[in-house]
Amino acid sequence: MASWLGSLWGGSGASSLPYSISTDPVSPATNKGSHGWAIHTATHKTNGEEATAFQASKAELAKTPLQLQRSQSFGGNNLTQMVPALHHFQRIKRLIHPRILRVHATLDTDYPDDSKPSPGLDALDKVAATGNLIIITEKATPLDDWLDHLNPHTPQANAAAVSWGIYNIVEGLSFLHTQAKLAHGMLCPDAVFVTPGGDFKLGGFDLVTPLGIADGGGGPTPHFRKYDAAVCPADYRSPERMSGRYDTLQQSAPVHSIDCYSLAVLIEYIYTHPSAGTNGQVPVPLKKALLRMKNDSPKLRPRLAPLLKCPVFDNPYVKAQIFLDEVVSKPVEEKIIFLQSLPDILNRGVLNENVAIYKILPMLVMGLRASAGNEAAMSQDINRREVLAIVPLLFQIAESYLSKTPELFQKHVTPLVPLLFAVNDRGVRGSILQKISILESQLDKSALNSSVFEPMCSGFTDSSAPLRELTLKSTIVLVPKLNHANLEKLVRYLVRLQADPEASIRTNTVIFIGKVAPHLTETSRQKLILPAFTRSMKDPFTPCRLAALRAVIACKEYFSQKEVAEKVLPCVIPHTLDGASEVRAEAFNVVDTFLVNLREESKRMTKDEADRMSAATCGIGAEGNSSGAATSAAPSSGSYLTGISSWMGSSTEPTANTASAGAGQRTTSSSSNGSVAKLSAPQPGPAAP
């Protein structure tokens, strides 16, 4: 295995494919039911689209024998995997139908270009056996793996998903029988693959053959007869195949006969799986149909198309899936109604996460790119309504499913953001703004600033008041990630909105300013918040004044105590007598809160003054002692103010004893200073009674 993989990557021509293929296989070529094909993951080199790569070494195929289930009249027991694999390689790239595994690219490294064409189906034994076969298909997983990974705790959802898968197989076989005039020939679990969106696809075209004279094919072909017993599991081969009665098939069997039998066995196999959601039982409506499909006579086996009307397929999951597949061809009105119903369908769990991501989401993206990116298309009301139905559904899927896997969000939604904001429609813009938090959580800082904030700024100046208000409310979640230039730009819009004619917008603006303050620079805060709050406190709208007072409290840490005393409180105090009681109550709350801080600041200032006085006194005393002269300290402003305080607290009409005591004190004081103070004569007072 390692040797041929090494040759594959070592210049065999695989590099010419537009896909990067993983080195390690998801399913090795040696696995049971692989038929020599290893399954790898693949990624498109340009757009990153995920795919599945089937790879086979022709050298390994040529030396791997097939296990015969009975003696053959053709070729004995020396059959290998080589020719059936080449048959599949040639057939799958020519069969195109929604229920057949879609092929993106193929490569036979022995024949990398048209200069050396490979032999056709009639000469497969002449194909060179030294290179490798590569088939790139849509992303898919083998049926058995899909069944094993079903959630055993969701039986009802599993049963619905299984019914849809069987519906797909019937559709695919009906196409082969009625249009391609071919029988699949190897219908078994190995030939069925499941996409991430839950669609079952047919593969395994190792034995495809025309069948019966009635359809003009005259098969089964010699290739089918030779490899039938060695390739198709015995359980899925009808009685006439088991007994080798191929002439009977050629002469009288309808083209659907062998696949009809195989399908009945496959349906039983699927429903008996423990995770199929039916307790290992085939649904009752299918039991009679399966008996007819397994009839011993090829002529009596029914065509498969009528099976699609079976009640087992009549469930919401299948109906929704059918509409999804046909939505492109539906009238736009029906499409809009369906899109509007999908949010409820998803909420009720009718469609699962994989369907939402891998089927609904691509449909939405395609619809947006077709209409939203076309100004002429958006001018038509029907297209506008379609986009309005798409946007909420897009964000619901993004929020519910993609937010858990950022890679998917980046892949599907991020490229649409500039397109969505470019749509000049208020309804679309409103739908986006209501889900702006999803973009904030998923986009990086650069994308938010360039692809989200800048285009949404037009909403600040829109003529629609509801859109201006919604733009303002939505912007708050972006603030922590805005760069300096956009923050400054936002400040200018906020100043403008404070003069908005809508009272509710003015109110929300002052609330917004209170919340955005911590993210502004010191300079921007000084320029914005106090003037903004002052302006809002004068607003005639009561809730606006109330919001301004509350914002002042919320931003108190950004005001110095000097600003509080000189600028803030003078604006707040008048509102203690506001006409609205709630404003008065909030104004008193602001005043009380700031007064507590002002008292603490005043006490701190007093303590600082006392500390300075103490330091100054100690310095003077030390200087006087060193010179030997007693020097009287000059009276300080503090002692002067203390004297004034005492004077203001004393009686304005002292008693005679107090007056004489004071006079004596003044005389003593004057004498000690070496001079006598001349006292003014007492003024005559009122006569005693």
Side-chain angles (χ1 to χ4, degrees), residues 1 4-29 34-61 81-121 124 127-142 172 175-176 180 190-197 199-206 208 358-359 362 365-366 411:
M1 179 67 69
W4 78 264
L5 275 176
S7 67
L8 181 61
W9 308 124
S12 63
S15 59
S16 63
L17 290 172
Y19 288 86
S20 300
I21 303 172
S22 65
T23 304
D24 297 326
V26 176
S27 176
S34 68
H35 299 270
W37 295 93
I39 302 177
H40 295 251
T41 59
T43 307
H44 196 281
K45 294 176 181 177
T46 304
N47 58 25
E49 180 186 4
E50 294 181 327
T52 295
F54 294 84
Q55 301 180 4
S57 164
K58 287 195 280 187
E60 293 291 330
L61 293 172
Q81 293 179 335
M82 180 70 167
V83 174
L86 289 169
H87 195 269
H88 168 72
F89 181 83
Q90 294 290 342
R91 283 291 191 179
I92 193 170
K93 59 185 178 182
R94 291 178 171 86
L95 293 169
I96 302 173
H97 187 267
R99 303 309 177 206
I100 292 176
L101 197 60
R102 185 170 70 252
V103 175
H104 297 318
T106 61
L107 177 66
D108 183 339
T109 56
D110 287 325
Y111 309 95
D113 51 49
D114 295 335
S115 62
K116 183 183 178 184
S118 63
L121 284 170
L124 294 178
V127 173
T130 56
N132 305 287
L133 301 174
I134 305 174
I135 304 173
I136 307 294
T137 72
E138 60 186 310
K139 187 177 181 181
T141 187
F175 161 76
L176 286 176
D190 303 341
V192 178
F193 297 85
V194 186
T195 67
D199 295 335
F200 283 26
K201 301 294 182 87
L202 289 176
F205 296 105
D206 302 39
V208 167
Y358 295 103
K359 293 194 73 173
V365 172
M366 182 175 65
K411 176 183 177 181

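- In terms of heavy-atom proximity, A191 sits nearest to G204 at CB-CA, 4.1 Å.
- Within the structure, the salt bridge (Lys or Arg N to Asp or Glu O under 4.0 Å) test picks out the following pairs touching residues 90-100 (sequence neighbours left out): R99-E171, R99-D325.
- K58 meets the salt bridge (charged side-chain N to carboxylate O under 4.0 Å, His left out) test with D108, D110; sequence neighbours excluded.
- Here the shortest heavy-atom pairing between D206 and A85 reads OD2-N, 4.4 Å.
- Between atom CG of residue L17 and atom CD1 of residue I135 there is a gap of 11.5 Å, rounded to the nearest 0.5 Å.
- K45 contributes atom NZ, which lies 11.0 Å from atom OG1 of T43 (distance to the nearest 0.5 angstrom).
- Although no hydrogens or angles enter the test, the distance criterion places a donor-acceptor pair under 3.5 Å between the side chain of Y111 and the main chain of A128.
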Steps toward side chain to side chain contact (heavy atoms under 4.5 Å, CB included) verdict (E50, T41)
CA-CA 7 Å; E50 294 181 327; T41 59; over 6 Å; no
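- The shortest heavy-atom contact between P25 and A38 is CB-CB, 4.3 Å.
- Between Q81 and G36, the closest heavy-atom pair is OE1-CA, 3.4 Å.
- T109 contributes no side-chain N or O that, together with a main-chain N or O of G131, makes up a donor-acceptor pair within less than 3.5 Å.
- Listed by chain and number, the residues in a ring-ring contact (aromatic ring centres under 6.0 Å, His included) with H35 amount to none (sequence neighbours excluded).
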What donor-acceptor contacts under 3.5 angstrom involve side-chain atoms of residues 100-107, with partners at least two apart or in another chain?
none

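- In this structure, the side chains of I21 and I136 come closer than 4.5 Å at one or more pairs of heavy atoms.
- In this structure, the side chains of L95 and L176 come closer than 4.5 Å at one or more pairs of heavy atoms.
- F89 meets the ring-ring contact (aromatic ring centres under 6.0 Å, His included) test with no other residue; sequence neighbours excluded.
- Side-chain contact between H88 and F54 is absent, with no heavy atoms from C-beta onward closer than 4.5 Å.
- Side chain of S22 to main chain of H40: no donor-acceptor pair is present (N/O by atom type, distance under 3.5 Å, no hydrogens or angles).
- To the nearest 0.5 angstrom, F193 atom CZ is 15.0 Å from D199 atom CG.
- Rounding to the nearest 0.5 Å places CH2 of W37 at 14.5 Å from CG of D190.
- Here the OG1-NZ distance, from T137 to K201, works out to 9.0 Å after rounding to the nearest 0.5 Å.
- For Y358, there are no ring-ring contact (aromatic ring centres under 6.0 Å, His included) partners, not counting sequence neighbours.
- N132 CG to T130 OG1: the interatomic distance, rounded to the nearest 0.5 Å, is 8.5 Å.
- Note: H97 and F175 have parallel aromatic rings, judged against thresholds of 30 and 60 degrees for the angle between ring planes.
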